[in-house]
Amino acid sequence: MPNRHAHMAIGAVSCTIAMAGDERPNEFTHNLAVAPILGAVAARLPDILEPAHNPHHRQFFHSLAMLVAVGAGVKKVYSWEPDSKLKEVLRGVLLIGGVAYISHLIADGCTPKSLPLLGKL
């Protein structure tokens, strides 16, 4: 099972690749110094919401349903065309957060325990 450091490394790499491939970059979030750091931090979010020592670990926030929902959100944010610098930064932060969250779920989904379809709220 991936641990905190593995999730952070996977999040950093996946977000750096995603930001490099974005057609509408901005100076802040698409920076090679910022994207990996934000990705590493955001990749921890599922385990912050459902800690590993909690009996409810790998429930709703670690589910296939959440993976699909976050993926749909990332697609919508990717298509968004912001009309201000602040909204461009927000778009980048949301993309990084979504990609990092997805990277965490994919890493957990590749373990023997996998992910539940829906989990408990």
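Just so you know, these numbers use all the heavy atoms, side chains as well, and skip hydrogens, waters and symmetry mates. Position 1 is the first residue of the sequence; numbering continues from there.
Partner of Phe61 under the side chain to side chain contact (heavy atoms under 4.5 Å, CB included) criterion, chosen from Leu49, Val70, Leu105: Leu49. Checked against Leu38 for a side chain to side chain contact (heavy atoms under 4.5 Å, CB included), the options Thr16, Asn31, Ile96, Val99 give a single hit: Ile96.
To the nearest 0.5 Å, the span separating CZ on Arg44 from CZ on Arg4 amounts to 5.5 Å. Atom SG of Cys15 and atom CD1 of Ile37 lie 12.0 Å apart (nearest 0.5 Å).
When all heavy atoms are compared, the tightest approach of Phe28 to Val34 is O-CB, 3.4 Å. Shown here for Ala43 and Gly11, the closest heavy-atom pair between the two residues is CB-CA, 3.8 Å. Between His62 and Pro116, the shortest heavy-atom contact is O-CD, 3.2 Å. Taking both residues in full, the closest heavy atoms of Ser103 and Ala100 are given as OG-O, 2.7 Å, listed atom of the first, atom of the second, then distance. Looking at every heavy atom in both residues, Ala35 comes nearest to Met19 through CB-CG, 3.8 Å.
Cluster annotation: Ile102 is connected to Phe60 through the hydrophobic network of ILVMFWY side chains, with a link wherever side-chain heavy atoms come within less than 4.5 Å. The same ILVMFWY cluster, assembled from side-chain heavy atoms under 4.5 Å apart, contains both Ile106 and Met66. Linking Ile, Leu, Val, Met, Phe, Trp and Tyr residues whenever their side-chain heavy atoms come within less than 4.5 Å leaves Tyr101 and Ile17 in two separate clusters. Transitive grouping of hydrophobic side chains (ILVMFWY, heavy atoms separated by less than 4.5 Å) keeps Val89 and Val41 in distinct clusters. Linking ILVMFWY side-chain heavy atoms closer than 4.5 Å, directly or via other members, places Leu90 and Leu45 in a single hydrophobic cluster.
Ion pairing between a basic and an acidic side chain is recognised when a charged N comes within 4.0 Å of a carboxylate O; Glu27 and Lys85 show such pairing. Salt bridge Asp47/Arg58: absent, no basic N to carboxylate O contact under 4.0 Å.
Here the side chain of Ser114 pairs no donor or acceptor atom with the backbone of Cys110 at under 3.5 angstrom. Counting only distance, with no hydrogens or angles, the side chain of Asp22 and the backbone of Pro25 share no donor-acceptor pair below 3.5 Å.
Remark: the His57 side chain and the Glu50 side chain contain no N/O donor-acceptor pair separated by less than 3.5 Å. A donor-acceptor contact closer than 3.5 angstrom is absent between the side chains of Thr111 and Asp108.
Counting non-hydrogen atoms of other residues, nucleotides and ligands closer than 6.0 Å to CD1 of Ile48 gives a total above 12.
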Trace of the side-chain contact (heavy atoms from CB on, under 4.5 Å) decision for Thr29 with Leu95: CA-CA 9 Å; Thr29 55; Leu95 285 174; over 6 Å; no
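Looking at heavy atoms from C-beta onward, Arg24 lies in side-chain contact with Arg91 at the 4.5 angstrom threshold.
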